[in-house]
Amino acid sequence: SGIIQTLPLIINRNTLFARVQQFAARIYGPVIAAGLSAWMGRDGNYWGHNAIIRTRAFAAHCGLPDLRGRPPFGGHILSHDFVEAALIRRAGYSVYMLPTLGGSYEESPPSLIDLSARDRRWCQGNLQHIRVVPAKGLHPATRQHFMTGIFGYLASPLWMLQLIIGIVIVLQASYIRPEYFTSDFSLFPTWPRFDAERSLRLFAITMILLMPKFFGLMLALIQSETRRASGGAIRLVLSTLFEIVMSALLAPIMMLIQSGHVVHILFGFDTGWDPQRRDDGSIPIRDIVRRHRSHVAMGVVSLVAGLLIAPSLVAWMSPTIAGLILAIVLSWASGQLALGLALKRVGLLTTPEESAVPPIATRANALARELEVSGADGADSLRAIHDNPELREKHEAFLPNARPRHRGEITAERALAVAKLTDAETIEDAMDWLKPKERNGVLHDRALIALLCMLPSRAQTRG
């Protein structure tokens with residue numbers, strides 16, 4: 001085997017949104033992972049972390065190429081994990097998913113907006129795979145993994161188009177006189193109608209998507225240790241119902257967010273690779289309103305359009321409409337630490353790992369506290385490299401050898417970084433002026449690091 005993918009569980013999360021994700025991963029995750037394992041066999045996928053890797057095979061066969069052209073479809077491959085699984089599988093090694101292999105943990109974004117920021121990078125990475133799918137020698141299952149990831153994001157704009165087309169049809173039926181007799185010969189008029197039977201079939205098919213959640217709940221109820229550690233049977237059922245409702249309300253918001261991501265990427269806007277927030281901090285309400293006001297407007301339009309045809313249509317679309325209208329409230333609530341802790345106190349959305357903290361998590365939390373006390377945990381990377389020659393030496397030792405630059409090959413980020421470092425009088429100036437992509441460029445370029453480290457601090461200039 002080349003890669004053995006484990007099932008990472010989410011721990012240490014306390015905001016409302018993060019606790020919902022933590023609960024879902026713990027209760028539904030084992031069932032979904034078992035299904036993936038049975039379906040994929042030795043042709044599995046790699047999720048980029050929490051895996052056992054045959055390092056020699058990985059180093060020999062999983063070197064990533066730079067895609068021709070400019071980002072977002074060219075340049076560095078963002079969703080590298082899928083491609084690495086494809087390359088190691090092409091080399092003849094297996095990629096397995098072992099759902100019962102425990103001891104693997106991670107953390108998650110604390111709010112809906114934080115998830116959106118991470119999801120945009122994933123969206124670009126998966127759409128980049130359009131250029132990787134035709135590569136020679138890939139296993140058919142690998143191509144299927146790529147296509148699943150691609151259509152996982154294309155499904156959102158397709159859903160949005162379905163919603164918009166439905167609204168247009170409703171408005172047409174309300175304000176444009178229907179054509180009862182077409183040019184084709186017919187003994188009977190063509191009556192406009194709302195097909196309730198097909199709507200119910202679509203609703204039933206949609207409900208099938210909830211089956212993994214019910215299977216996960218049943219498994220947790222059967223396993224006495226999991227049931228007791230999750231607050232008992234009643235709290236476990238209530239937590240599941242709460243998670244299903246929250247997921248249903250958040251789904252249409254994510255649909256519009258992902259649709260926006262797809263459109264931006266198709267129009268050539270690059271995402272880059274910004275660091276993710278892992279803390280339990282909330283987001284200013286003005287930023288939330290700015291991010292979701294268009295989603296609320298879409299919900300209001302959908303509600304009005306539905307009422308123009310029939311209240312039953314509004315009832316059928318109620319999860320979508322309610323989620324969009326409440327987008328600002330839901331996004332604000334998602335990042336609230338107090339709401340998550342309140343549910344924790346009453347025993348909802350609890351997981352076994354909270355009552356019996358894994359030893360590796362206990363040790364990691366202790367080390368995190370030590371770093372926080374020492375002041376190193378929140379240290380700015382530029383400042384740390386500037387102030388610590390030993391750290392700079394170790395950092396530069398891990399940087400790859402610089403690729404020969406062709407004449408005229410200058411990126412905007414590097415040019416701006418050079419200009420700002422040249423204009424800066426102190427390290428504090430550089431830290432204030434450099435934007436995330438420019439910072440990343442500095443940290444990956446020995447020449448720019450040298451410019452950075454030549455800058456004095458403000459304290460030195462005052463002296």
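Annotation: Phe73, atom CZ; neighbour count of heavy atoms from other residues, nucleotides and ligands within 6.0 Å is above 12. No more than 12 heavy-atom neighbours from other residues, nucleotides or ligands sit within 6.0 angstrom of CZ on Arg70. When the shell of 6.0 Å around CD1 of Ile360 is examined, it contains 12 or fewer heavy atoms from other residues, nucleotides or ligands.
The ring-ring contact (aromatic ring centres under 6.0 Å, His included) search around Phe146 returns His129, not counting sequence neighbours.
Checked by atom type, the side-chain pair Tyr153/Asp119 shows a donor-acceptor distance below 3.5 Å. Counting only N and O atoms by type, the side chains of Arg42 and Ser94 include a donor and acceptor under 3.5 Å apart. If you check the side chains of Asp114 and Ser111, you find a donor sitting under 3.5 Å from an acceptor. There is no side-chain donor-acceptor pair under 3.5 Å between Glu106 and Asn50.
Within the structure, every pair that satisfies the ring pair (Phe, Tyr, Trp, His ring centres under 6.0 Å) test and touches residues 244-268, not counting sequence neighbours, is listed here: His264-Phe269.
Looking at heavy atoms from C-beta onward, Ile10 lies out of side-chain contact with Arg26 at the 4.5 angstrom threshold.
Each of Glu107, Glu243, Glu354 was compared with Arg19 under the salt bridge (charged side-chain N to carboxylate O under 4.0 Å, His left out) criterion, and only Glu354 meets it.
Under the 3.5 Å distance criterion, the side-chain polar atoms of Arg235 are matched with a main-chain donor or acceptor of Val346.
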